[in-house]
Amino acid sequence: MHRFEPCLNFIGGRWREPKTGQYGDNVNPANGEVLGVWARSGPDDLDDAVRAAREAQAAWRLVPAPERAKVLRRVADLLRDRKDEIARTLTMEMGKVIEEARGEVQEAIDMAEYMAGEGRRLFGQTTPSELPDKFAMSVRVPVGVVGIITPWNFPIAIASWKSLPAIVAGNAVVWKPAEETPLTARAFVEVYQEAGLPAGVLNVVFGDGPVVGEAMLHHPGIDVISFTGSTETGRHIASRAGANLKRVSLEMGGKNAITVLADADLDLAVDAILWSAYGTSGQRCTAASRVIVEREAEEALLARLLPRVQALRVGDGLDPAVNVGPVIHEEALAKIDRYVRLGVDEGARLLTGGRRLTEGPLARGFYYAPTVFAGVRPDMRIAQEEIFGPVLCVMAVDSFEEAIRVNNGVRYGLSASIFTRDVNRVFRAMRDLDTGIVYVNAGTTGAEIHLPFGGTKATGNGHRDSGQAALDVFTEWKTVYVDYSGRLQRAQIDNN
Ligand code: UN1
């Protein structure tokens with residue numbers, strides 16, 4: 001018997017024990033307490049889930065899309081009813097502060113409403129035929145069974161970005177949530193179930209990436225893999241799934257910069273830097289981990305920024321007075337600290353932070369002091385590699401052109417931001433920043449769900465989550481010609 005009600009797999013509409021009989025612990029990063037256990041599944045559990053998904057999809061694809069959308073509308077309503085409770089769960093198992101957790105649940109609600117509307121669109125195209133009495137059109141059809149692999153940093157928002165468009169488009173889903181956030185995943189599944197989603201359309205298999213995730217890449221019953229996580233894992237997924245001719249959509253790392261030009265509103269820029277660098281303890285793929293500032297404004301910016309960083313309250317995210325919660329686990333803490341040591345060795349100036357926090361109750365959790373480096377050169381590893389923690393690198397540049405070059409001079413390309421009042425530079429930056437998302441006079445975080453989300457270079461592989469673009473991942477184009485002439489018309493022959 002378990003001390004907790006375990007997070008079981010959800011297959012074919014039923015909660016099921018893993019065939020392995022094994023479970024993993026779910027730990028609260030704020031205090032190290034075990035919150036529950038999750039099914040540590042094996043390939044056999046995945047097989048069952050894929051079988052259930054294939055069966056269910058055969059019927060689900062025939063349900064009219066506006067009817068499918070009704071389930072999504074109920075998902076939105078139920079999430080709204082449970083917003084506070086799910087947000088608390090989310091904060092307890094992944095650490096982000098409660099205000100942000102509520103924002104994240106809101107992101108899933110917004111996505112459910114938006115994608116419910118898509119049930120009445122799912123637009124195709126009609127195109128004139130080159131022959132008389134012939135009609136040509138292309139329609140979106142579901143791909144089949146979609147495999148979804150989601151991270152712990154946005155356990156419900158990212159799951160919503162992927163599952164809702166997949167489902168409204170007529171696919172069935174097999175979802176492997178992150179090991180760190182099973183309770184949030186379970187709550188989302190309960191919502192789908194209560195909303196009346198037919199059994200088997202959404203299946204969940206908890207487990208380790210190298211076991212369940214890996215098996216998904218090879219499973220012949222899965223047609224598409226949609227993944228958000230690290231670039232290293234994404235590269236592995238792309239090569240394995242590519243060899244099996246699966247479509248793969250990848251959202252990976254970031255090394256996002258906020259550029260502050262000398263004419264910027266510095267107070268506004270500081271507000272944005274704080275929010276984008278230290279929100280979610282820097283554990284967002286959109287987090288700002290670099291500030292590129294025109295040299296003449298550097299001193300004034302740092303003078304405003306440092307006291308604000310030092311005033312951030314670090315602690316358990318359930319306390320509404322806390323600004324920055326813990327990081328996800330001990331290994332993350334160790335990685336962040338290694339990068340900070342490396343930054344010092346590379347010759348960057350550590351202005352504040354740079355250590356684990358262990359005062360009083362913080363000793364039981366995984367807390368890192370909000371950190372600022374100045375004097376960072378663009379070629380340093382701390383300026384190039386994703387740290388995924390509350391560490392900011394400030395770099396001075398001598399011109400707008402150099403700022404753009406430094407922004408673009410990393411292997412990632414998710415989000416970029418620029419603060420300036422010069423409209424000409426706004427449009428030049430919009431054109432020349434090479435990321436998938438550009439913000440003007442706002443931080444690098446806070447994407448809205450009805451616009452495409454994704455990045456260039458090592459951040460993505462050309463696909464987008466969110467917005468209508470998400471449908472491109474989960475549908476195929478089917479081209480249909482209807483010849484109503486009553487005779488054989490030969491394209492390219494009879495009309496020349
Ligand atoms: C992520 O970190 O993977 O734009 C997603 C944002 C959020 C989503 C972040 N809406 O910061």
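For ligands, and for the atoms within them, numbers begin at 1 and follow the listed sequence.
For atom 1 (C) of ligand 1, the closest non-hydrogen atom on the protein side is Cys285 SG, 2.9 Å. The closest protein non-hydrogen atom to atom 9 (C) of ligand 1 is Phe154 CE1, 3.6 Å.
Ala112 pairs by the side-chain contact (heavy atoms from CB on, under 4.5 Å) definition with Val75, Ala76, Leu164, not counting sequence neighbours.
Using cut-offs of 30° and 60° on the angle between ring planes, the pair Trp161 and Phe453 is tilted.
Closest non-hydrogen pair, Val143 versus Val473, comes out as CG2-O, 4.1 Å. Residue Ile222 comes nearest to Ile225 through the heavy atom pair CG2-CD1, 4.0 Å, listed as atom of the first residue, atom of the second, then distance.
Contacts between Glu107 and ligand 1, counted as non-hydrogen atom pairs separated by less than 4.0 Å, involve the side chain only. With a heavy-atom cut-off of 4.0 Å, Asn153 touches ligand 1 through its side chain alone. For Trp161, every heavy-atom contact with ligand 1 shorter than 4.0 Å involves the side chain, none the backbone.
By the 3.5 Å distance cut-off applied to N or O atoms, Thr445 is not counted among the residues near ligand 1.
Annotation for ligand 1: atoms under 4.0 Å from non-hydrogen atoms of Ile158 are 3 (O). Ligand 1 places these atoms under 4.0 Å from at least one heavy atom of Ala447: 4 (O), 6 (C), 10 (N). Within ligand 1, counting atoms from 1 as listed, the ones closer than 4.0 Å to a heavy atom of Arg284 are 2 (O), 6 (C), 7 (C), 11 (O). Atom numbering of ligand 1 starts at 1 in the shown order; those under 4.0 Å from a heavy atom of Gly446 are 4 (O), 6 (C), 11 (O).
Note: Trp38 and Tyr23 fail the aromatic proximity criterion, with ring centroids not under 6.0 Å apart.
Of the candidates Val391, Val344, Thr371, Ile382, Ile382 is the only one forming a side-chain contact (heavy atoms from CB on, under 4.5 Å) with Tyr339. With Met115 as the partner, the side-chain contact (heavy atoms from CB on, under 4.5 Å) test is satisfied by one option alone out of Leu72, Asp110, Ile449: Leu72.
Using a non-hydrogen distance threshold of 4.0 Å, Phe388 does not register as a contact of ligand 1.
Side-chain contact between Leu305 and Leu392 is present, with heavy atoms from C-beta onward closer than 4.5 Å.
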